[in-house]
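For reference, the structure discussed in these notes is given below.
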Amino acid sequence: MIFYATPTLLKIKSKNGSKIISGYTKKEGVPCRAIVRIYERNTALLLGQCLSGDDGFYIFKGLKNLPHMVIAITALNFNAVIQDNVVPK
């Protein structure tokens with residue numbers, strides 16, 4: 001069984017220059033709910049956590065233009081998925 005999270009880099013800027021990282025979580029190609037956490041890569045500071053929707057979609061807003069780690073966790077039978085060095089564009 002395969003579980004994966006695919007971050008999508010959106011080029012959306014707010015007035016203060018913050019960025020967005022969003023994506024989908026899927027299990028064996030089917031959208032699934034998962035806990036998704038985002039960390040600042042250089043400091044390992046946890047910046048936020050959310051639960052992806054029934055369609056697997058998640059979004060983090062207000063991010064700086066720095067490298068991030070996105071970690072998705074689902075049922076106990078699957079390993080966590082880690083996307084490293086994700087930089088909003």
Side-chain angles (χ1 to χ4, degrees):
M1 298 199 173
I2 300 171
F3 167 67
Y4 59 93
T6 306
T8 305
L9 306 179
L10 300 177
K11 295 181 180 179
I12 299 174
K13 278 176 84 172
S14 68
K15 291 181 182 177
N16 65 1
S18 66
K19 308 284 186 177
I20 293 174
I21 291 177
S22 65
Y24 291 89
T25 55
K26 296 181 181 183
K27 187 178 354 177
E28 296 184 331
V30 178
C32 69
R33 294 178 72 89
I35 297 169
V36 184
R37 296 179 179 148
I38 190 162
Y39 297 84
E40 189 175 288
R41 187 182 190 287
N42 296 333
T43 64
L45 176 67
L46 176 63
L47 300 175
Q49 173 177 297
C50 69
L51 182 63
S52 61
D54 290 331
D55 61 354
F57 183 75
Y58 65 88
I59 187 167
F60 293 102
K61 299 178 181 180
L63 302 173
K64 295 179 182 176
N65 195 26
L66 298 170
H68 295 84
M69 287 186 297
V70 179
I71 300 177
I73 306 161
T74 188
L76 299 175
N77 301 13
F78 296 91
N79 293 328
V81 174
I82 301 170
Q83 297 287 331
D84 193 14
N85 214 19
V86 179
V87 180
K89 304 270 184 194

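Across C50 and Y58, no two heavy atoms sit closer than the pair SG-CB, 3.7 Å. Considering every non-hydrogen atom in both L63 and I20, the closest pair reads CD1-C, 4.4 Å.
The cluster map of Ile, Leu, Val, Met, Phe, Trp and Tyr, joined by side-chain heavy atoms under 4.5 Å apart, puts I82 and I73 in the same cluster.
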Intermediate values then yes/no, side chain to side chain contact (heavy atoms under 4.5 Å, CB included), T25 and V36: CA-CA 9 Å; T25 55; V36 184; 3.9 Å; yes
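D84 pairs by the salt bridge (Lys or Arg N to Asp or Glu O under 4.0 Å) definition with R41, not counting sequence neighbours.
Side-chain atoms of Y24 and P31, non-hydrogen and from C-beta on, never get closer than 4.5 Å to each other. Between I21 and I38, some side-chain heavy-atom pair lies under the 4.5 Å cut-off. Within the 4.5 Å cutoff, side-chain heavy atoms of R33 are placed close to those of D54.
Remark: of the listed residues V70, I71, L45, I71 is the sole one forming a side chain to side chain contact (heavy atoms under 4.5 Å, CB included) with Y39.
In this structure, NE2 in H68 is found 10.5 Å from CG in N85, a value given to the nearest 0.5 Å. K61 NZ to K19 NZ: the interatomic distance, rounded to the nearest 0.5 Å, is 15.5 Å.
Using a distance-only test at 3.5 Å, with no hydrogens or angles considered, a donor-acceptor pair links the side chain of S52 to the main chain of A34.
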